[in-house]
Amino acid sequence: EAQVTQNPRYLITVTGKKLTVTCSQNMNHEYMSWYRQDPGLGLRQIYYSMNVEVTDKGDVPEGYKVSRKEKRNFPLILESPSPNQTSLYFCASSLWTGHGYTFGSGTRLTVV
Amino acid sequence: RKEVEQDPGPFNVPEGATVAFNCTYSNSASQSFFWYRQDCRKEPKLLMSVYSSGNEDGRFTAQLNRASQYISLLIRDSKLSDSATYLCVVNTNAGKSTFGDGTTLTVKP
């Protein structure tokens, strides 16, 4: 089944403890992207990747890192999480930017 | 001013009604346009791409006006199952992707 898989689905962590949210797609898509969704602010793009080893900042990259060492994986890294990074996170992929995205099921992160 | 603006809603309509959503964008480098639906904080799902020539998929019709930087979605014969939040999305070829805040639709019996 063609899908984007995010893990974990839910995570509660403490301020400053490094964490990684994984994202993997099995559709051989070139493009991958991370978003966060907050009430009243909609979905905002954090980072995106047009291809392997190519990543760019979206609208809200501060406090996040990503890597794209292989086409299928695009992990989101929070080196030192803070409470303002509590949010619902979505990973998405597509053949290219002109195609619609397939989203993962989301990761609900709480930083206390 | 936000890069992508949608009707704030909410829209509450009876079954069978026709409802239209509007979206404007400000980035003239935008090249690809989409409508997604999102149910109760689940992942957004692609509803349809939007083309200048207009496109239709069953009860749904999408339209793009590049000159006015305006996108629309028309839903005919609304069903209870159409109740959701509808998101307008605008992409550049460079990979930047901007979502509208969404318009909530509730279809009532």
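In what follows, every chain begins at residue 1, and chains take the letters A, B, ... in the order their sequences are listed.
Atoms OH and CZ, on Tyr36(B) and Phe103(A) in that order, are 5.5 Å from each other to the nearest 0.5 Å. If you take CD on Gln38(B) and CZ on Phe90(A), they are separated by 5.0 Å, rounding to the nearest 0.5 Å. A distance of 11.0 Å separates OG1 of Thr98(B) from CG of Leu43(A), quoted to the nearest 0.5 Å.
Phe34(B) and Tyr35(A) fall within a single hydrophobic cluster, where Ile, Leu, Val, Met, Phe, Trp and Tyr are joined by side-chain heavy atoms under 4.5 Å apart, directly or via other members. A continuous path of ILVMFWY side-chain contacts below 4.5 Å connects Val13(B) to Trp35(B), so both sit in one hydrophobic cluster. In terms of hydrophobic clustering, with Ile, Leu, Val, Met, Phe, Trp and Tyr side chains grouped at heavy-atom distances under 4.5 Å, Val21(A) and Val4(A) are assigned to different clusters. By the criterion of side-chain heavy atoms lying less than 4.5 angstrom apart, applied directly or through intervening Ile, Leu, Val, Met, Phe, Trp or Tyr residues, Tyr64(A) is not grouped with Leu88(A); the two fall into different hydrophobic clusters. One hydrophobic cluster, built from ILVMFWY side chains closer than 4.5 Å, cannot hold both Phe74(A) and Met50(A); they sit in different ones.
Ser32(B) approaches Gly98(A) most closely through the heavy-atom pair OG-CA, 3.2 Å.
Within the 4.5 angstrom heavy-atom criterion, atoms from both the backbone and the side chain of Tyr101(A) approach chain B. For chain B, no part of Arg44(A) is nearby; none of its heavy atoms comes within less than 4.5 Å. With a threshold of 4.5 angstrom between heavy atoms, Phe33(B) does not approach chain A through any atom at all.
When atom types are taken as modelled, the side chain of Gln31(B) and the backbone of Thr97(A) share no donor-acceptor pair closer than 3.5 angstrom.
A salt bridge does not link Asp56(A) to Lys96(B): none of the charged side-chain nitrogens sits closer than 4.0 Å to a carboxylate oxygen.
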Residues Ser97(B), Tyr31(A); criterion side chain to side chain contact (heavy atoms under 4.5 Å, CB included); working and verdict: CA-CA 11 Å; Ser97(B) 173; Tyr31(A) 179 87; 4.1 Å; yes
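Within residues 42-49 of chain B, the residues that have a heavy atom under 4.5 Å from a heavy atom of chain A are Lys42(B), Glu43(B), Pro44(B), Leu46(B), listed by number. Using a 4.5 Å heavy-atom cut-off against chain A, the contacting residues of residues 65-92 of chain B are Leu87(B), Asn91(B), Thr92(B).
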